[in-house]
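Just below is one structure, and these are the notes that go with it.
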2 protein chains.
Amino acid sequence: MPSSTVENYLKRIYLEQQAEPAGEIVSMKSLAGAMGVTPGTATSMARSLADSRLVAYEPYGGVKLTARGRTLALRVLRRHRLIESFLVDALGLDWSEVHDEAESLEHAISDKLLDRIDEFLGFPSVDPHGDPIPTAAGEVRQAALTALTEVEEGAEVRIARVLDQDEKFLRFVDRHMLRPGTRARVLAHDHAAEAVTLQSGKLPAVTMGRTAAAKIMVELIRG
Amino acid sequence: MPSSTVENYLKRIYLEQQAEPAGEIVSMKSLAGAMGVTPGTATSMARSLADSRLVAYEPYGGVKLTARGRTLALRVLRRHRLIESFLVDALGLDWSEVHDEAESLEHAISDKLLDRIDEFLGFPSVDPHGDPIPTAAGEVRQAALTALTEVEEGAEVRIARVLDQDEKFLRFVDRHMLRPGTRARVLAHDHAAEAVTLQSGKLPAVTMGRTAAAKIMVELIRG
DNA sequence: TAATATATTTTGATTAGTCAAAAATCCCTG
DNA sequence: CAGGGATTTTTGACTAATCAAAATATATTA
Ligand SMILES: [Mn+2]
Ligand SMILES: [Mn+2]
Ligand SMILES: [Mn+2]
Ligand SMILES: [Mn+2]
């Protein structure tokens, strides 16, 4: 059984691989940064994960999950996201506070209990942030989504996923009724100001910067 | 914050202190036995807990919780028992399988989530085994109970608590409808055979040995 | 391409938790 | 009250995870 430290590293490497443009390879610098450890620690963990055949690692060559490492990472991610869903749906916690809780529970819960939770929730495919929940078999069913920055002016969209789990950002999203599932209309792109204006429900329109808009993924509603 | 290892030791010392007849002092031998570690490990942990003012420890003198140690132990026990209750009541797990799950979740759950669970359950005072749930303030509201071995023949009782959490024992209790809350009648004590016979619902009477009967605590129903 | 900056690895150290086995102490029984 | 068995402590060793700082390699840039 992998320790929770190892589980955290694998999950983080998986997420960094998704983010990293450079051929899915994660550098020691970004790994150390993402894990909040010193570079030396990242190096020694990389070697140890490689010894366990969970990552491919060459000195000075960064790190990349093996098939086994990926399977394990997805298992942790599945736990994390099912737990988040459960905390929101069954216990009424706010979606802005479940992340930290899931971060520790993901290592403590048994397979049996996880299955029970999955069943209780009706086998959801996304968590409260719109993040896809990997299947028990290790598949990620990812819908094709568009970043808010890429949507044409005037288009109707459905918010599908919020990529930043930071409490402040999630509360901002909340305030303007932009949770996953909500409809909204893109009113304008101001390229000079690097800003996007959109409008949801009966609320006044809101203008946000490119960087914020890039963290909101949507589905286009044809029409 | 105490590590989960420390939490486990404190909880175990608390439980051993309850059990131990000898003036509430827990020997290194029983601590090591209860924790499944070697005596040397128990000694070094005793010293380290004493350094943190969580136990009183004198070489060759055994170990005893301080006020702070007791408070912490009760916090862990509260978590453990609320989690067991939640798993049974909210997720329908069997009472014979929740103990191990709670053993790890008790270290991973936040105070906030625990409060939510407590509220969800309606602030229960006992867990599925009838074990008292310490209050957040650290009080143990313990009802006065009688062991089945001490009950007079013919008496009506309500099963209140089952002291052995072993899966096999719990399933035995289940089979004979002797869960906490159920009524039963003590039909006979056979002192020579060291056996107690009792009867619950419409099931045929069951005879069990003294040792088993001593693990079932009951409330007397006057009448 | 040489110098400089950045990234990575190595080294030496620390802490928590554990074990095996030797040494010391305690305490019961004769 | 003296052994001898049981208990406890000590010693030395190990693993996982970490850091600080020195050494080394790679990348950038002038
Ligand atoms: Mn985690
Ligand atoms: Mn999420
Ligand atoms: Mn535990
Ligand atoms: Mn219990």
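It should be emphasised that the depicted structure is a prediction, and the values quoted were computed from it without experimental measurement. Just so you know, these numbers use all the heavy atoms, side chains as well, and skip hydrogens, waters and symmetry mates.
- Between the side chain of A:R81 and the backbone N or O of A:P132, at least one donor-acceptor pair lies under 3.5 Å.
- A donor-acceptor pair under 3.5 Å links the side-chain atoms of B:S104 to the main chain of A:A108, judged by distance alone.
- Residues in residues 125-147 of chain B take part in these salt bridge (charged side-chain N to carboxylate O under 4.0 Å, His left out) pairs, two or more places apart or across chains: B:D131-B:R161.
- For DNA chain C, the span of nucleotides reached by chain A at under 4.0 Å from its heavy atoms goes, 5' to 3', from C:dA7 to C:dT10.
- Near DNA chain D, meaning a heavy atom under 4.0 Å away, the residues from residues 29-41 of chain B are B:K29, B:P39, B:G40.
- Looking only at distances, a side-chain donor or acceptor of B:R79 sits under 3.5 Å from a matching main-chain atom of B:I109.
- For B:H99 and B:H80, the distance between ring centers is under 6.0 angstrom.
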Before you tell me yes or no, could you show the steps for B:D118 and B:R78 under salt bridge (charged side-chain N to carboxylate O under 4.0 Å, His left out), namely the whole-Å CA-CA distance, both residues' side-chain angles and the distance that decides it to 0.1 Å? CA-CA 10 Å; B:D118 193 21; B:R78 172 174 164 78; 3.1 Å; yes
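- Looking at A:Q17, its side chain does come within 3.5 Å of a backbone N or O of A:L65 through a donor-acceptor pair.
- Side chain of B:E101 to backbone of B:E84: no donor-acceptor contact under 3.5 angstrom is found.
- Within the 3.5 Å criterion, the main-chain N or O of B:A67 finds a donor-acceptor partner in the side chain of B:T71.
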Applying side-chain hydrogen bond (donor to acceptor under 3.5 Å, both in side chains), run through A:E167 and A:S96 and close with a yes or a no. CA-CA 5 Å; A:E167 281 199 37; A:S96 66; 4.6 Å; no
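- Nearest heavy-atom pair across B:L170 and B:D164 is CD2-O, 3.4 Å.
- A heavy atom lying under 4.0 Å from DNA chain D marks none of the residues of residues 3-12 of chain B.
- One atom, CE of A:M28, and another, C1' of D:dT24, lie 16 Å apart when rounded to the nearest Å.
- Side-chain proximity of B:T43 to the nucleotides D:dA17, D:dT24, D:dT9 is greatest for D:dT9.
- For DNA chain C, no neighbouring residue in residues 48-59 of chain B is found when judged by any heavy atom under 4.0 Å.
- Among the nucleotides D:dT24, D:dA17, D:dT9, the one closest to any side-chain atom of A:Y60 is D:dT24.
- The side-chain hydrogen bond (donor to acceptor under 3.5 Å, both in side chains) search around B:R53 returns none, not counting sequence neighbours.
- The closest donor-acceptor contact from the side chain of A:H107 to the backbone of A:T5 lies at 3.5 Å or more, if one exists at all.
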